[in-house]
Amino acid sequence: QVQLVESGGGLVQAGGSLRLSCAASGSIFSVNDMGWYRQAPGKQRELVATITRGRSTNYADSVKGRFTISRDNAKNTVYLQMNSLKPEDTAVYYCNAKTIMAPDYRFLEVWGQGTLVTVSS
């Protein structure tokens with residue numbers, strides 16, 4: 001089994017910043033791509049940002065220049081630094097990881113439980 005534990009959500013005023021963290025643990029051989037997705041009330045889940053093990057990144061157009069994704073491979077942890085937050089960034093943010101499990105090298109895609117980010121105007 002592999003688990004993702006997220007932290008760092010909360011309430012912030014527009015223009016403020018938050019940093020989300022997500023740590024993977026369990027029977028892990030390696031963690032490949034990691035990412036953050038979000039789901040606002042009444043909307044579908046959407047990609048926010050992804051990062052490969054080699055630290056290549058991809059961002060949604062709506063967050064480019066404001067959000068930064070990073071990772072610590074030694075800790076199997078991914079971060080999302082969110083600056084210049086807007087009310088439309090309000091959503092539940094979910095961590096995602098594509099993992100190779102130990103000891104059988106089986107692929108497993110895992111989701112975190114979600115952390116709520118609320119941006120007030």
Side-chain angles (χ1 to χ4, degrees):
Q1 281 284 39
V2 176
Q3 300 83 35
L4 298 180
V5 178
E6 302 154 345
S7 61
L11 173 64
V12 64
Q13 288 189 331
S17 298
L18 282 175
R19 189 189 194 214
L20 306 182
S21 299
C22 171
S25 64
S27 302
I28 297 171
F29 175 76
S30 69
V31 180
N32 298 336
D33 293 1
M34 302 186 81
W36 291 94
Y37 294 72
R38 67 186 181 186
Q39 187 166 18
K43 295 188 176 181
Q44 290 188 330
R45 190 174 298 189
E46 63 178 4
L47 180 146
V48 176
T50 61
I51 185 167
T52 69
R53 188 169 181 82
R55 296 185 174 84
S56 294
T57 59
N58 179 53
Y59 294 92
D61 288 343
S62 59
V63 307
K64 283 180 181 177
R66 300 188 298 122
F67 291 9
T68 302
I69 190 170
S70 61
R71 65 187 289 170
D72 183 333
N73 288 335
K75 297 180 179 179
N76 290 329
T77 299
V78 64
Y79 307 95
L80 186 68
Q81 178 65 44
M82 305 185 291
N83 298 330
S84 303
L85 282 160
K86 304 175 181 180
E88 51 263 44
D89 293 318
T90 296
V92 177
Y93 284 69
Y94 296 92
C95 177
N96 174 273
K98 296 178 172 59
T99 66
I100 304 297
M101 296 180 65
D104 55 359
Y105 308 110
R106 181 165 53 95
F107 172 83
L108 181 67
E109 182 173 13
V110 190
W111 290 90
Q113 80 284 359
T115 185
L116 178 63
V117 172
T118 303
V119 185
S120 63
S121 57

- Note on the structure: Heavy-atom closest pair (Gly112 atom, Leu4 atom, distance to 0.1 Å) is N-CD1, 3.7 Å
- Message: If hydrophobic clusters are built from ILVMFWY residues whose side chains come within less than 4.5 Å, do Leu20 and Leu47 share one?
- Response: no
- Hey, any chance Tyr94 and Leu116 share a hydrophobic cluster, counting ILVMFWY side chains that come within less than 4.5 Å of each other, even indirectly? yes
- Item | side-chain contact (heavy atoms from CB on, under 4.5 Å) between Tyr93 and Met82, worked out | CA-CA 12 Å; Tyr93 284 69; Met82 305 185 291; 3.9 Å; yes
- Message: Show, in sequence, the C-alpha distance, side-chain angles and deciding distance for Phe29 and Met101, and conclude whether the side-chain contact (heavy atoms from CB on, under 4.5 Å) test is met.
- Response: CA-CA 5 Å; Phe29 175 76; Met101 296 180 65; over 6 Å; no
- Would you call Val78 and Ile51 a side-chain contact if the rule is heavy atoms closer than 4.5 Å? yes
- Within 6.0 angstrom of Phe107 CZ, more than 12 heavy atoms from elsewhere: yes
- The side chain to side chain contact (heavy atoms under 4.5 Å, CB included) partner of Thr52 among Asn58, Thr57, Asp33 is Asp33
- Message: Under the rule for ring-ring contact (aromatic ring centres under 6.0 Å, His included), what residues qualify as partners of Tyr79, not counting sequence neighbours?
- Response: none
- Do you see a donor-acceptor pair shorter than 3.5 Å between the side chains of Tyr37 and Arg45? no
- I would like to know whether Thr99 and Val110 meet side-chain contact (heavy atoms from CB on, under 4.5 Å); could you show each step before the answer? CA-CA 8 Å; Thr99 66; Val110 190; 4.2 Å; yes
- Item | Asn73 vs Val31 side-chain heavy atoms within contact, under 4.5 Å | no
- Query: Can you tell if the side chain of Leu80 reaches within under 4.5 Å of the side chain of Thr68, non-hydrogen atoms only?
  - Reply: no
- With ring centroids as reference points, do Tyr59 and Phe67 lie under 6.0 angstrom apart? no
- NZ/Lys75 to OG/Ser25 distance, rounded to the nearest 0.5 angstrom? 14.5 Å
- For residues Ile100 and Asn32, determine if any side-chain heavy atom of one lies less than 4.5 Å from a side-chain heavy atom of the other. yes
- Query: Please walk me through it: do Trp36 and Cys22 pass side-chain contact (heavy atoms from CB on, under 4.5 Å)?
  - Reply: CA-CA 9 Å; Trp36 291 94; Cys22 171; 3.6 Å; yes
- Nearest heavy-atom contact between Val48 and Val63 is O-CG2, 3.6 Å
- Message: Would you say Met34 ends up clustered with Leu108 if hydrophobic residues are merged whenever their side chains have heavy atoms under 4.5 Å apart, either directly or through other cluster members?
- Response: yes
- Closest heavy-atom pair, Val119 versus Thr90, reported as atoms and distance to 0.1 Å, is N-OG1, 2.9 Å
- Note on the structure: Here the side chain to side chain donor-acceptor pair (under 3.5 Å) pairs for residues 1-20, sequence neighbours left out, are Ser17-Asn83
- With sequence neighbours left out, what residues match Arg66 under side-chain hydrogen bond (donor to acceptor under 3.5 Å, both in side chains)? Asp89
- Message: Counting C-beta onward and ignoring hydrogens, is there a side-chain heavy-atom pair between Arg71 and Arg53 closer than 4.5 Å?
- Response: yes
- Query: How long is the span from the CZ atom in Arg38 to the CD atom in Glu88, to the nearest 0.5 Å?
  - Reply: 8.5 Å
